[in-house]
Amino acid sequence: LEQIKILQKDKKIRLVITMGAVLLSAFIQAWAIQVFVRPAEIISGGFSGAAMLIERVGSLKGLTIPMQVTMILLNIPVALMCCRGISVRFTVVSLLQVVFGSIFLQIFNFQPIFQDEILNVIFGGVIYGTSIVIALKGNASTGGTDFIALFVSNKTGKSIWSYVFFGNALMYCVYGVIFGWKFAGYSIIFQFCNTQVINTFYKKYHKKTLLIITEDPASISADILELTHHSSTIFKGMGFYSAHKKYLIYTVLSDSDVRKVRKQILAHYPG
């Protein structure tokens, strides 16, 4: 385990892991689109969904507008605008995920597994969500609205996922008007399955309340601030049996930040 921890601290090793996750995520995403999404005539959310919508609208007019090209064209300007507000490395590897996904869509031609629309919607949502989780676990993303959401969150400290959801809902309404409400409904079910997989297996942004009782609140609060860039609130108290002065540190952190703080406290404050 110690050797694994040492390797994880190596930047080159972390980059290899990230690129492996990016490639695997892109391949699974392309496979899911060809095997499940297109046969069910549905669209996903975000920029990939917008690219699918543009592709389908173009086909009605006799125009060939490949989804893989549109995905790249939509992502590049947003990535350039947001890269200074978020990690440049994160932006680059996320953009590479989009590029690889587009390439895989171009060079591979996977055949559908199911003829049933519901099976395509459910399995497609689960597998598409899995591809996103793999990218996130590798410290990347699938681009699109992730860039905008992270940029706004880092700048303002507020989440815009409710606005992203509203944008997706509006896109599904447009899709329903043009191609039929059945397919819009299936797209929503697909997105729900997709989101459930992400929420189940990727908990970095899930918030937890952390309560710490200590006699050294200043040092621990300083460590919390340094590790997570989050502040904390300190309450004075007293132990009932010992009558010693105690302090309660209260803070709200993401799941991953809680693990970092816990590890730091156990290592430096064994008492």
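One-based numbering along the sequence shown.
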Quick one: salt bridge (charged side-chain N to carboxylate O under 4.0 Å, His left out) pairs with a partner in residues 169-190, sequence neighbours left out?
-> Glu117-Lys182

How would you list all residue pairs meeting salt bridge (charged side-chain N to carboxylate O under 4.0 Å, His left out) that involve residues 29-55, not counting sequence neighbours?
->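 Pairs touching residues 29-55 that pass the test: Arg38-Glu55, Glu41-Arg56.
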
Considering all heavy atoms, the nearest [X]-[Y] contact:
| X | Y | result |
| --- | --- | --- |
| Ile198 | Val133 | CA-CG2, 3.7 Å |
| Gly46 | Thr145 | CA-CG2, 4.1 Å |
| Ile33 | Pro39 | O-CD, 4.1 Å |
| Gln191 | Asn168 | NE2-ND2, 4.4 Å |

What's the spacing between Ile127 CD1 and Ile122 CD1 if we round to 0.5 Å?
->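 Output value for this atom pair is 12.0 Å.
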
Nearest 0.5 Å, what's the CD1-CE distance between Ile76 and Met71?
->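 The CD1 atom of Ile76 sits 11.5 Å away from the CE atom of Met71.
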
Indicate if [X] and [Y] have the same hydrophobic cluster label, given that clusters are the connected sets of ILVMFWY residues with side-chain heavy-atom separations under 4.5 angstrom.
| X | Y | value |
| --- | --- | --- |
| Ile54 | Phe190 | no |
| Leu73 | Ile43 | no |
| Val37 | Ile118 | yes |
| Leu211 | Val258 | no |
| Leu225 | Ile220 | no |

Side chain to side chain donor-acceptor pair (under 3.5 Å) with [X]: which residues, sequence neighbours excluded?
| X | answer |
| --- | --- |
| Ser44 | Ser48 |
| Thr251 | none |
| Gln196 | none |
| Ser187 | none |

In sequence, state the C-alpha distance, the side-chain angles, and the governing distance for Ile188 and Phe192, and then conclude on side chain to side chain contact (heavy atoms under 4.5 Å, CB included).
-> CA-CA 6 Å; Ile188 292 171; Phe192 175 79; 5.6 Å; no

For residues [X] and [Y], determine if any side-chain heavy atom of one lies less than 4.5 Å from a side-chain heavy atom of the other.
| X | Y | value |
| --- | --- | --- |
| Asn139 | Val93 | no |
| Ser141 | Leu136 | yes |
| Val261 | Asp223 | no |
| Phe47 | Thr142 | no |
| Lys246 | Glu215 | yes |

When you look at Phe179 and Leu53, which way does the side chain to side chain contact (heavy atoms under 4.5 Å, CB included) test go after all the steps?
-> CA-CA 10 Å; Phe179 297 101; Leu53 178 58; 4.1 Å; yes

With sequence neighbours left out, write down each residue that passes side chain to side chain contact (heavy atoms under 4.5 Å, CB included) with [X], or none if nothing qualifies.
| X | answer |
| --- | --- |
| Val16 | none |
| Ala50 | Leu74, Met171 |
| Phe123 | Phe36, Phe114, Leu119 |
| Ile234 | Pro217, Ser221, Tyr247, Ile249 |

When you look at Leu60 and Ile178, which way does the side chain to side chain contact (heavy atoms under 4.5 Å, CB included) test go after all the steps?
-> CA-CA 10 Å; Leu60 293 179; Ile178 298 173; 3.6 Å; yes

Evaluate the criterion side chain to side chain contact (heavy atoms under 4.5 Å, CB included) for residue pair Ile212 and Ile224; output intermediate values, then yes/no.
-> CA-CA 11 Å; Ile212 304 169; Ile224 292 173; 4.0 Å; yes

Table please: side-chain donor-acceptor pairs of residues 100-111 below 3.5 Å, with sequence neighbours left out.
from   : atom 1 : to    : atom 2 : distance (Å)
Ser102 : OG     : Gln68 : O      : 3.0
Ser102 : OG     : Val98 : O      : 2.9
Gln106 : OE1    : Gln68 : NE2    : 2.6

Please indicate whether Ile213 has more than 12 foreign heavy atoms, meaning atoms of other residues, nucleotides or ligands, lying under 6.0 Å from its CD1.
->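 No, CD1 of Ile213 has 12 or fewer neighbouring heavy atoms, counting only those of other groups under 6.0 Å.
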
Check: Asn120 side chain, Gln115 main-chain N or O, donor-acceptor pair, under 3.5 Å = no

Enumerate donor-acceptor pairs with a distance under 3.5 Å from any side-chain N or O in residues 17-28 to protein atoms, sequence neighbours excluded.
from  : atom 1 : to     : atom 2 : distance (Å)
Thr18 : OG1    : Arg14  : O      : 2.9
Thr18 : OG1    : Arg89  : NH2    : 3.1
Thr18 : OG1    : Gly138 : O      : 2.9
Ser25 : OG     : Gln97  : NE2    : 2.9
Ser25 : OG     : Ser131 : O      : 2.6

